[in-house]
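For reference, the structure discussed in these notes is given below.
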Amino acid sequence: MACVRPAAIAVLLAVALAGCGSSAPPQITIGAARTYQLAGFPPRFVAGKPQLVTFRIDQPSGAALTRYRTGSGPHTGVHLIIVRSDLGAIIHKHPKPNADGEFSTELTFPTPGRYRVVIDAYPQLSGPLRNFQLFRWIVVPGRAPHGALPAFRSVVTDDGYRFALQGRPRLRAVQSNFLTLRVTRPDGSPATFTPWFGALAHAIFFRAGTLDYFHTHVCSARTSGCTSVLGAARVTGTQTRPGVLRVGVLLPISGTWRLFIQCKVDGRVLTAPTTLTVR
Ligand SMILES: [Cu+2]
């Protein structure tokens with residue numbers, strides 16, 4: 001193997017298969033990996049200041065991705081999800097692409113800190129690729145809030161709306177699990193969910209520390225494209241009774257996860273975070 005130079009280590013196998021004679025090693029040029037890339041997302045933000053953000057996804061060919069899945073369900077277009085690294089703040093938007101594949105949306109980072117940007121994209125492609133994620137780190141300058149991750153709580157309120165988890169969850173990685181949540185208005189009546197970004201409720205999961213990401217949905221009965229898939233496992237949330245959400249949980253690895261339930265009730269977008277232990 002003395003004829004294999006360090007620069008050619010990546011093609012060692014190919015060289016080995018091709019044989020290793022006394023003549024000069026074959027000249028093989030390895031280009032950059034051809035993958036989907038996030039383009040145009042600005043690198044600088046100021047805390048508390050709305051900023052217009054424009055981005056697109058470039059295909060492996062280099063051309064902008066212009067065709068995204070459409071339909072009534074949530075698995076369409078792109079989901080733009082931004083979470084602060086301590087899991088204390090989340091931004092969730094579904095901007096629509098223009099004909100050139102460009103997305104524009106206004107973003108306000110609530111505080112200084114380190115944020116993980118997740119673009120969960122649903123391209124309109126033939127073939128097995130369903131969706132994929134692109135990531136970016138953004139550091140918003142200033143003093144970042146530093147709170148410990150809150151412990152599990154079975155009742156969370158937002159704007160007087162109450163999210164009550166039934167029972168203590170027993171969650172396992174790579175398996176479909178369900179959480180039942182009763183959502184009530186400030187007057188105690190069951191919440192009526194207005195479809196928001198194609199779903200009655202969104203369940204966004206980030207793992208503490210590593211910020212691994214997963215996302216499931218609760219949809220109305222006739223909505224298609226609501227099932228989340230992880231390997232061979234799949235999960236679809238449902239509304240079992242008025243105001244009661246059966247939320248699918250399907251997480252790739254064990255650990256401590258922060259779940260953000262989001263839904264729209266009475267014209268308000270509500271966010272109910274809770275901390276989950278996954279074994
Ligand atoms: Cu969603």
Side-chain angles (χ1 to χ4, degrees), residues 38 40-51 53 55 57 74-75 77-95 103 105-122 131-153 156 158-159 163 171 173 179 181 196-199 201-218 228 230 237 247-264 269-278:
L38 175 60
F41 204 94
R44 261 175 284 283
F45 290 87
V46 176
K49 191 170 162 251
Q51 187 169 333
V53 171
F55 65 91
I57 295 173
H75 292 168
V78 300
H79 301 219
L80 168 61
I81 299 165
I82 301 173
V83 72
R84 204 171 60 209
S85 61
D86 67 346
L87 303 178
I90 192 167
I91 300 168
H92 181 195
K93 300 207 164 196
H94 287 205
F103 296 85
T105 189
E106 200 176 77
L107 289 179
T108 307
F109 286 77
T111 68
R114 240 175 129 230
Y115 289 83
R116 176 95 154 145
V117 176
V118 181
I119 310 266
D120 200 349
Y122 286 83
N131 65 318
F132 61 87
Q133 291 96 37
L134 298 173
F135 302 96
R136 176 81 53 99
W137 283 103
I138 299 279
V139 177
V140 179
R143 225 186 131 92
H146 232 79
L149 193 67
F152 168 79
R153 277 165 59 202
V156 178
D158 184 12
D159 211 8
F163 294 73
L171 305 171
L179 300 176
L181 278 147
W196 179 61
F197 296 152
H202 301 251
I204 303 167
F205 304 84
F206 281 99
R207 187 168 178 266
T210 56
L211 301 193
D212 293 272
Y213 156 86
F214 206 73
H215 192 160
T216 70
H217 295 98
V218 174
S228 296
L230 178 70
V247 175
V249 181
L250 180 52
L251 297 171
I253 43 172
S254 59
T256 303
W257 290 75
R258 191 78 167 150
L259 161 61
F260 299 88
I261 301 266
Q262 292 195 304
C263 56
K264 191 171 183 181
V269 174
L270 305 172
T271 302
T274 192
T275 300
L276 301 171
T277 302
V278 178

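All of these numbers come straight from a predicted model, not from anything done at the bench.
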Are Leu107 and Tyr115 packed together at the side-chain level, in the sense that at least one heavy-atom pair is separated by less than 4.5 angstrom? no
Check for a donor-acceptor pair, side chain of Thr216 on one end and backbone N or O of Gly248 on the other, with a separation under 3.5 Å. yes
Leu80 and Pro95 have their tightest heavy-atom pair at CB-CD, 4.2 Å
Heavy atoms of Thr108 and Pro50 approach each other most closely as OG1-CA, 3.3 Å
Practice prompt. Would you indicate whether the side-chain heavy atoms of Phe163 and Leu270 approach each other to under 4.5 Å?
Written response: yes
Contacts of Phe55 meeting ring pair (Phe, Tyr, Trp, His ring centres under 6.0 Å) (sequence neighbours excluded), chain-then-number -> Phe41, Phe103
CG (Leu171) and CG (Leu276) are apart, to the nearest 0.5 Å, by 5.5 Å
Do any N or O atoms from the side chain of Asp158 and from the backbone of Ala272 form a donor-acceptor pair under 3.5 angstrom?
no
When rounded to the nearest 0.5 Å, the distance separating CG of Leu259 from CD1 of Ile261 is 4.0 Å
Looking only at heavy atoms, the pair that brings Thr271 and Pro273 closest together is O-CD, 3.6 Å
Per ring-ring contact (aromatic ring centres under 6.0 Å, His included), Trp196 is matched among His217, His92, His94 by His92
- Item | Test item: Pro150 and Arg258 side chains (from C-beta on) under 4.5 Å apart, heavy atoms | yes
Rounded to the nearest 0.5 Å, the CD1 atom of Ile119 sits from the CD1 atom of Ile57 at a distance of 6.0 Å
Note to self: Taking Phe152's backbone N and O only, do any of them form a donor-acceptor pair with Thr274's side chain (distance below 3.5 Å, no angle check)?
What the structure shows: no
Between the CH2 atom in Trp257 and the CD1 atom in Ile253, the distance rounded to the nearest 0.5 Å is 5.5 Å
message: So does Ile82 get a backbone contact from the side chain of Lys93, meaning a donor-acceptor N/O pair under 3.5 Å?
response: no
> Is there a donor-acceptor pair closer than 3.5 Å between any side-chain N or O of Gln51 and the backbone N or O of Phe109?
Replying inline: no
With sequence neighbours left out, the residues meeting ring pair (Phe, Tyr, Trp, His ring centres under 6.0 Å) with Tyr122 are His75, His79
For this session: Report the C-alpha separation of Thr256 and Thr275 in whole Å, then their side-chain angles, then the decisive distance to 0.1 Å, and conclude whether the side chain to side chain contact (heavy atoms under 4.5 Å, CB included) test is met.
Result: CA-CA 7 Å; Thr256 303; Thr275 300; 3.5 Å; yes
Note: Pro112 and Pro141 closest approach over all heavy atoms is CB-O, 3.3 Å
In terms of heavy-atom contacts, Ala144 and Gly113 come closest through CB-CA, 3.5 Å
What donor-acceptor contacts under 3.5 angstrom involve side-chain atoms of residues 203-213, with partners at least two apart or in another chain?
{"residue": "Arg207", "atom": "NE", "partner": "Ser254", "partner atom": "O", "Å": "2.8"}
{"residue": "Arg207", "atom": "NH1", "partner": "Thr210", "partner atom": "OG1", "Å": "2.9"}
{"residue": "Arg207", "atom": "NH2", "partner": "Ser254", "partner atom": "O", "Å": "3.1"}
{"residue": "Thr210", "atom": "OG1", "partner": "Asp212", "partner atom": "OD2", "Å": "2.4"}
{"residue": "Tyr213", "atom": "OH", "partner": "Asp120", "partner atom": "OD2", "Å": "2.6"}
{"residue": "Tyr213", "atom": "OH", "partner": "His215", "partner atom": "ND1", "Å": "3.0"}

For Pro42 and Val53, the nearest pair of non-hydrogen atoms, with its separation, is CD-CG1, 3.6 Å
